[in-house]
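Single-structure report; data block below.
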Amino acid sequence: MRIRIVDAFTDRPFAGNPAGVLLLDSFPDDAWLQNVALEVNHAETAFAHRLPAGGEADWALRWFTPATEVALCGHATLATAHVIATTGAHRGPVRFATLSGILVATPEADGSITLDFPTAPLTPVETPDGVAGALGAEPLSTFDTGPNTGDLLIEVADEKTVLGLAPDHQALARYSERGIIATARAEDPSRGYDFVSRCFFPNVGIDEDPVTGSAHTALAPFWAERLGRPALTGLQASPRSGLVRTEVRGERTLLSGHAVTVIEGDLLV
């Protein structure tokens, strides 16, 4: 079977977030899926297979980190939609059946893909004792992002603080189901983005994720309320970095970006 490595939320190779993508005839057993994800060793590997015509979805889709299956992943969904579109496996918008419900990916005229995801329900919470020390910055506000992502979203003072974070990943693992999203308003929106973030997910085997689509289902409503606009662009300021265009539409959030296939080959097991 063919396996591809796709860089998502970028229009150039070796940036954005790489994901493994396999299009299958059906899902093998979970142990095999997990072993492939561990072998690929990127933040997520996506597995998809076509569903019978006439149903509520066109393809079934699952995501695995090197350590576990996850309920929602944006960049690997974008990567899968990119592979399906560029190989001609499906034309037009594609509906994915996932652990987080039906997710729709729509190819755009400029070559980008727009994902229709559930908006994360943000609940303000007290910052747990020890988080500031583990993160390496003092939180201004802290929110729980709900069951699909299981993160703490933490606002810090400014963009410089986000860029300078050097957290204790082992310590961060105590405070949320998946991890910590650190964010701040952009210092200079004329650079093409409205807010910055970094994402640390030690509980699923990812110390820092390069670009996290699912995190933007929480970041988008957080910053839309503060900046007074539903449509924004976020920079995830990891070493690889990437841009995510977002638009909040009530209970749904649109996430848009490009993707580039960088490796294609045969999986022999």
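Position 1 is the first residue of the sequence, and the numbers go up from there.
At least one side-chain heavy atom of Pro128 sits under 4.5 Å from a side-chain heavy atom of Leu152. Side-chain contact between Val36 and Leu33 is absent, with no heavy atoms from C-beta onward closer than 4.5 Å. At a threshold of 4.5 Å between non-hydrogen side-chain atoms, the residues Val244 and Leu235 do not count as touching. Between Val131 and Ile154, the closest side-chain pair of non-hydrogen atoms falls below 4.5 Å. Thr233 is listed as a side-chain neighbour of Arg245, based on a closest heavy-atom distance under 4.5 Å.
Side-chain contact check for Thr114 and Glu108: at least one donor-acceptor pair (N or O, by modelled atom type) lies under 3.5 Å. Inspection of the Asn17 and Asp7 side chains reveals no N or O donor paired with an N or O acceptor under 3.5 Å. Judged purely by distance below 3.5 Å, without hydrogens or angles, the side chains of Gln236 and Tyr193 never pair a donor atom with an acceptor atom. The closest side-chain donor-acceptor pair between Thr253 and Glu247, if any, does not fall under 3.5 angstrom. Side-chain polar atoms of Ser238 and Glu208 form no donor-acceptor pair below 3.5 angstrom. When only modelled atom types and interatomic distance are considered, Thr80 and Trp59 share no side-chain donor-acceptor pair under 3.5 Å. Side-chain N/O atoms of Thr183 and Trp223 include a donor and acceptor closer than 3.5 Å. Checked by atom type, the side-chain pair Thr10/His258 shows no donor-acceptor distance below 3.5 Å.
Within a 6.0 Å sphere centred on CG of Asp266, heavy atoms belonging to other residues, nucleotides or ligands number more than 12. By the 6.0 Å contact criterion, CD on Glu264 is enclosed, its count of non-hydrogen atoms from other residues, nucleotides or ligands being greater than 12. Environment of CG in Asp25: sparse, with no more than 12 heavy atoms of neighbouring residues, nucleotides or ligands closer than 6.0 Å.
Scanning all heavy atoms of the two residues, the minimum distance from Arg62 to Asp30 falls at NH2-OD1, 3.0 Å. Minimum heavy-atom separation, Arg4 to Thr87: NH2-CG2, 3.7 Å. Closest approach of Asp194 and Leu232 over heavy atoms only: OD2-CA, 3.4 Å.
Remark: Asn35 engages no residue in a side-chain contact (heavy atoms from CB on, under 4.5 Å) (not counting sequence neighbours).
Linking ILVMFWY side-chain heavy atoms closer than 4.5 Å, directly or via other members, places Leu153 and Ile180 in two distinct hydrophobic clusters. Clustering ILVMFWY residues whenever any of their side-chain heavy atoms sit less than 4.5 angstrom apart, transitively, puts Val211 in the very cluster that holds Leu103. Under the 4.5 Å side-chain contact rule for hydrophobic residues, Phe27 and Val21 do not share a cluster.
Going from atom OG1 of Thr77 over to atom CD of Glu44 covers 9.0 Å, rounded to the nearest 0.5 Å.
A cation-pi arrangement is absent between Arg252 and Phe117, since the terminal nitrogen or guanidinium carbon is not both under 6.0 Å from the aromatic centre and inside a 45° cone about the axis.
Ring planes of Phe195 and His216: tilted class, angle from 30 to 60°.
Applying the ring pair (Phe, Tyr, Trp, His ring centres under 6.0 Å) test to residues at least two apart or on different chains, the pairs with a partner in residues 125-181 are Phe143-Phe222, His169-Phe200.
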